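Everything quoted here is computed from the prediction, not taken from an experiment. Per chain, numbering begins at 1; letters A, B, ... match sequence-line order.
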Amino acid sequence: MPDGLAGDAVLSSNLDTPGMPHELQKAYDPTAIEDRWAAYWVSERLFHVDSASATSGAKPFTILLPPPNVTGRLHMGHMLNQTEMDILTRWHRMCGDLALWVPGTDHAGIATQMMVERQLDSEGTSRQQLGREAFIERVWEWRRHYGGAILDQMKRLGASVDWSREYFTMDENLSRAVKEAFVRLHEQGLIYRGAYIVNWCPRCQTAISDLEVVHEEQQGKLWEIRYPVIGEHGKPEPGQFLTIATTRPETMLGDVAVAVNPEDERYKHLHGKKLRLPLMGREIPVVTDSWVSSDFGTGAVKVTPAHDPNDFAIGQRHGLESISVMDDTGHINPEGGKYEGLDRYVARKRILEDLDAQGLLGTVREHTHAVGKCDRCKTVVEPRLSTQWFIKIQPLADQAIAAVEHGHIKFTPAQYAKTYFEWMRNIHDWCISRQLWWGHRIPAWHCGKCRQITVARETPAQCAHCGGENITQETDVLDTWFSSGLLPFTVFGWPERTPDLDTFYPTQLLVTGFDILFFWVARMIMLGCHFMLDMPMPDGSERALKDAVPFREVYIHALVRDADRQKMSKTKGNVIDPIETVQKYGTDAVRFTLASMASPGTDIAFSEARTEGYRAFANKIWNAARFIFMNVDRAAEAGIKVDLNAPAPTSDRLEARWIISRLNSVAREVNAMLGEYRFDEAARIVYQFFWGDFCDWYLEIVKLRLDFSESADKAATRAALQTLVATFEAALRLLSPFMPFITEELWHAVYDDKPPAKSIALSRYPQADDRLIDSETEIGMAQLQEIVVTLRALRKDLEVPERELAHAEIKANAWLQSIISPDHEIVTKLARLSGLEFATAWKLSPANSRTTASFTVGLDYEKQIDVAAERERLQKKLEQYEKQLASAERQLNNKAFLAKAPEKIVAGLKRQASETALLRQETLDALEKLKQLA
RNA sequence: GGUCGCUUAGCUCAGUUGGUUAGAGCGCCUGCUUCACACGCAGGAGGUCGUAGGUUCGAGUCCUACAGCGACCACCA
């Protein structure tokens, strides 16, 4: 018996209990069942696994939930992500793997701090008034109240995660691991602290990393400013200027030089000269630097090392001073002289006015350029000299590149590996310090005496350098992505070597959107490879890079857009709330929508019309169940019981052999597609199987066999019913990863609420048994279907009333006849015939007949047919056949084609040509007869 | 500025290494209260695969150019 049909337990013997659990409501109502099962899965801890279970030999399938921000609300992107992960996790679990899906939330430094600050603001207070400690306590309080929202939503969606492992990135154990990681990197010389140009958000008042800056094209201005040249005697030479161009004139307050390209002929006479910085009055040198391009602006660039990364580099090369002219809030500081206290944009305006007044303002040009904004609050970022902590990224990046290059990590779709390499190869050191309060505080202590820094795992009693006891902890916290980058191993107990770590690391798969490819995925790869390389393997041997990676595969999914392909955003007001949609259509329908649209590489335009269709699908499943249960109950009354544990019902019936063959073919395809993350294909295949094969054909045919009358062959009825129930049960398992709720409900009902396992999720996924895939039966059935469809079409053309039965004749080859004969009642029933006769000579008129490549069928029905319309139809057919024939013959007469094309193609084309020729002849004959008729 | 992707039926999308007559869902048209389902059943219409070249016996599929759309990366003031 194939797994596809294997029931692990007896179908309950209580089926004669009059219909109790089998009594399903007429229409499927997801709200009536989903909450119940969602709660059941959680309370029964069905998806809990531990490392001890690994000894059973099951292969671990570990997957880490990309932790949503603790402040987050579930959106469609989450739901897509979670649906994909859940399908895969459920599938692996049902395939017998040790499937572990670990959930958690991210403390999300800036986002959470902003949220609580807003709250404080509405209460008329602020974090500064509260003080650091009280503020942090307040954030924790916020988290206790609201932090679980997104995971509660996730529970409602039925995600089969191990809730006993739920983590929060600020948990004690994870915080300890973060500290450990920081200290180790520091010991290894991979963390340094220093004053460099960083991206500063004046609103958040913290440094942010390059990645947190989003560039936006903006229409701005390029101002030219004339800097007076100082002559021999220390005085400006009248009429002598060096004109620079800038987009940020306010930074001129901090200028320390003007740079020109050494090759630039226009300025060679100024090399070594000094300039008078307007408004500030100090003398600044003209320096030469090959970085300056002569063809941009005026070819002369003001040098402000404290406010621009390029200028900073120039400053370093030329030993220039750096003058910071702005404070943390983007206001001019005392270095800005009379502009002190002004907001940067107010200062800009004032400065331009003053320059203009002095006649030093040159041409002003429109200039489109990319402006960096804070990813979080969209404030224009100020590049600014600031003392921060950095990770020396190159050594980590090298290893992370190697891991992907050597195939230790596989990307799906593969093109994302390119994007990854592109970024990794152009990476800059990572600024990991943030001037926030909410986050992992950097484990470094400043000495009040010698000013040196002590980095330590525990609060040190004294300075490691001078022994001074007046030490205070660094106030900065770490970038949130630093801690989340460690998660693949810290959630399993790192830095300890735990059984969990031995069992579940590396995780198998990461499922995520490309938007956090660099933020998170790349960082996990770098940090995972770096830290886990030092962790011995479970058997104690040394770990190689291939086993140090945080995951073996990365599946990058699409972005969910609205039905008009617009990005969903709060400001556009086009955000589709998954929970609302779920309440409207049911979780299963929404999940199925997402899965069926999740084809790799393209964004998903989420459309409710589609979800409506999948709710109809769920309703279809529901009603198939009602039909089956109704018959099981009728059978019980007739003393017929089905036993899912009995050997496979061997039936000679065409439809039985066919549906079992189809089930196995489909199981094979679905398993293959899920293995390739083709959720769309997998969903399409099960949908088509259930609706198309199972309901439209098999159920209709099986109705013929469900004869419960006294005179009936009980064994045959029993066999038919058994195949029906067993196939349905297997189909439920096949569908279960996609639609966990409805399949759970119906699966329990199939077993009369005495199922062999606590959940369908713990049953086995159907696996194909090749011996049961019978292609001859499948082809035969396809032929039979074609006969039925042709007859139905004919009925329609002849306008046979729906209720009326018609007599049919058929002409077919011996093989097809042998297929149909024993089961011709199938045709009779489905095509609503009073009888089907195998004809030797064809007597029916062409208007009453249809010919295909393998058979001719006709209806013995009198109707005044429209000869003209019929002739037109045949004429159209004829044209089509002739075109096809011509094309086929052209190819078959082509010597090059015959010589080069594979035999299979040539043979196929020959067969097609002869079939088409036959059809053409039949059509010609029919037209001829029609002429006589007229 | 660099990189990558997309363009197939009215709409949303499939189409595996080039191979015989390009598919699905929704929508549309026609008929049907057929005792599981009108969230249904049955039948049907609808596509010169963005444009122009090229490679090939053969191109929706590979190459080039162009057009349109989109995304990501970026320290030219």
Quiz item: Are W697(A) and A42(B) close enough that a side-chain N or O sits under 4.0 Å from OP1 or OP2?
Solution: no
Quiz item: Is U55(B) paired to anything, Watson-Crick or G-U wobble with both distances less than 3.5 Å, and if yes, which nucleotide?
Solution: none
Exercise. When you get a sec, tell me which of G5(B), G19(B), U21(B) is the closest nucleotide to the side chain of Q912(A)?
Key: U21(B)
Exercise. Whole angstrom is fine here: how far is it from CZ in F690(A) over to C1' in C39(B)?
Key: 14 Å
Exercise. Kindly indicate whether the side chain of K796(A) and the base of U30(B) share any N or O donor-acceptor pair separated by less than 3.5 Å?
Key: yes
Quiz item: So what does A624(A) touch, heavy atoms closer than 4.0 Å: a base, only the sugar-phosphate, or nothing?
Solution: base
Quiz item: In terms of heavy-atom contacts, does CD of E366(A) have more than 12 from other residues, nucleotides or ligands at under 6.0 Å?
Solution: yes
Practice problem: Pick the C1' atom in A59(B) and in C63(B), then give their distance to the nearest Å. | Solution: 11 Å
Practice problem: Searching all strands shown, indicate the nucleotide that pairs with U48(B) (Watson-Crick or G-U wobble; both distances under 3.5 Å). | Solution: none
Practice problem: Under 4.0 Å between any heavy atoms, over every strand shown, what does A609(A) touch: base, sugar-phosphate, or nothing? Just pick one. | Solution: sugar-phosphate
Self-check item: Opposite nucleotide pairing with A42(B), Watson-Crick or G-U, both atom distances under 3.5 Å
Solution: U30(B)
Quiz item: So what does K703(A) hit on the nucleic acid, given a heavy-atom distance under 4.0 Å: a base, only sugar-phosphate, or nothing?
Solution: base
Practice problem: Whole angstrom is fine here: how far is it from CG in D29(A) over to P in A36(B)? | Solution: 22 Å
Exercise. Remember a base hit wins even if backbone is also touched, and classify F518(A) as base, sugar-phosphate or nothing at under 4.0 Å, heavy atoms.
Key: sugar-phosphate
Quiz item: Do K620(A) and C37(B) have a side chain to base donor-acceptor pair shorter than 3.5 Å?
Solution: yes
Self-check item: Candidates A42(B), A36(B), G43(B) - which lies nearest the side chain of E700(A)
Solution: A36(B)
Practice problem: Assign P902(A) to base, sugar-phosphate, or nothing according to its heavy-atom contacts below 4.0 angstrom with the strands shown. | Solution: base
Quiz item: Between R626(A) and F629(A), is NZ or CZ placed under 6.0 angstrom from the six-membered ring centre and within 45° of the ring axis?
Solution: no
Quiz prompt | Whole angstrom value for the distance that separates C1' of A74(B) from CG of D308(A) | solution = 14 Å
Self-check item: From A77(B), U34(B), U12(B), nucleotide with atom closest to R803(A) side chain
Solution: U34(B)
Quiz item: Using the ring of each side chain (for Trp, its six-membered ring), is F694(A) parallel, tilted or perpendicular to Y698(A), with breaks at 30° and 60°?
Solution: tilted
Self-check item: Touch class at under 4.0 angstrom, heavy-atom based, for D696(A) against every strand present
Solution: sugar-phosphate
Quiz item: Rounded to the nearest Å, what distance is computed from the CD1 atom of residue I905(A) to the P atom of nucleotide G58(B)?
Solution: 15 Å
Quiz item: With a 4.5 Å limit on heavy-atom distance, are the side chains of R591(A) and M739(A) in contact?
Solution: no
Quiz item: Taking OP1 and OP2 of C39(B), is either one under 4.0 Å from a side-chain nitrogen or oxygen of R626(A)?
Solution: no
Quiz prompt | P gap between A45(B) and C6(B), integer Å | solution = 32 Å
Self-check item: Lys NZ or Arg CZ of K703(A) over F627(A) ring: under 6.0 Å, within 45°
Solution: yes
Self-check item: Selected nucleotide, minimal atom distance to W291(A) side chain, candidates A77(B), U21(B), U12(B)
Solution: A77(B)
Quiz item: Given A14(B), A74(B), A77(B), which nucleotide is nearest the side-chain atoms of A370(A)?
Solution: A74(B)
Quiz item: Choosing from A77(B), U12(B), G40(B), which nucleotide comes nearest the side chain of A616(A)?
Solution: G40(B)
Self-check item: Identity of whatever pairs with C69(B) - Watson-Crick or G-U, under 3.5 angstrom
Solution: G5(B)
Quiz item: Centroid-to-centroid, Y585(A) to Y614(A), below 6.0 Å?
Solution: no
Exercise. Tell me which nucleotide among A36(B), G31(B), A77(B) gets nearest to the side chain of E802(A).
Key: G31(B)
Exercise. Report which part of the nucleic acid R795(A) touches: base, sugar-phosphate, or nothing (heavy-atom distance under 4.0 Å, all strands).
Key: nothing
Exercise. Quick one: label S607(A) by what it contacts on the DNA or RNA (base, sugar-phosphate, nothing), any heavy atom closer than 4.0 Å.
Key: nothing
Quiz item: Taking the inter-plane angle between the rings of F411(A) and Y420(A) on a 0 to 90° scale, is it parallel (under 30°), tilted (30 to 60°) or perpendicular (over 60°)?
Solution: tilted
Quiz item: Can you find a donor-acceptor N/O pair under 3.5 angstrom joining the side chain of T419(A) to the base of C4(B)?
Solution: no
Quiz prompt | Residue R678(A), side-chain heavy atoms: nucleotide from G19(B), A14(B), G40(B) that is nearest | solution = A14(B)
Quiz prompt | Nearest listed nucleotide, side chain of F514(A), among C72(B), C41(B), A77(B) | solution = C72(B)
Self-check item: Whole-Å distance separating the CD atom of E786(A) from the C1' atom of A42(B)
Solution: 17 Å
Practice problem: Would you mind classifying the nucleic acid contact of L699(A) as base, sugar-phosphate or nothing, using non-hydrogen atoms under 4.0 angstrom? | Solution: base
Practice problem: Step through it carefully: locate the ring centre of F296(A), locate the ring centre of H367(A), and say whether they are under 6.0 Å apart. | Solution: yes
Quiz item: With sugar-phosphate meaning primed atoms plus P, OP1 and OP2, does R684(A) contact a base, only sugar-phosphate, or nothing at under 4.0 Å between heavy atoms?
Solution: nothing
Practice problem: Can you tell me the distance, in whole Å, between the CG atom of L222(A) and the C1' atom of A77(B)? | Solution: 7 Å
Quiz item: Just checking W223(A): base, sugar-phosphate only, or nothing, at a heavy-atom cut-off of under 4.0 Å?
Solution: nothing
Self-check item: Closest nucleotide among C39(B), A77(B), C37(B) to the R615(A) side chain
Solution: C39(B)
Quiz item: What is the nucleic acid contact for A245(A), judged by heavy atoms within less than 4.0 Å: base, sugar-phosphate only, or nothing?
Solution: base
Quiz item: Base, sugar-phosphate, or nothing for V906(A), non-hydrogen atoms under 4.0 angstrom?
Solution: nothing
Quiz item: Within this structure, what is the CG-to-P distance between D295(A) and A77(B), rounded to whole angstrom?
Solution: 13 Å
Practice problem: Check every strand shown and say whether Q688(A) touches a base, only sugar-phosphate, or nothing at a heavy-atom separation below 4.0 Å. | Solution: nothing
Quiz item: Looking at Y687(A) versus F738(A), is the centre-to-centre ring distance below 6.0 Å?
Solution: no
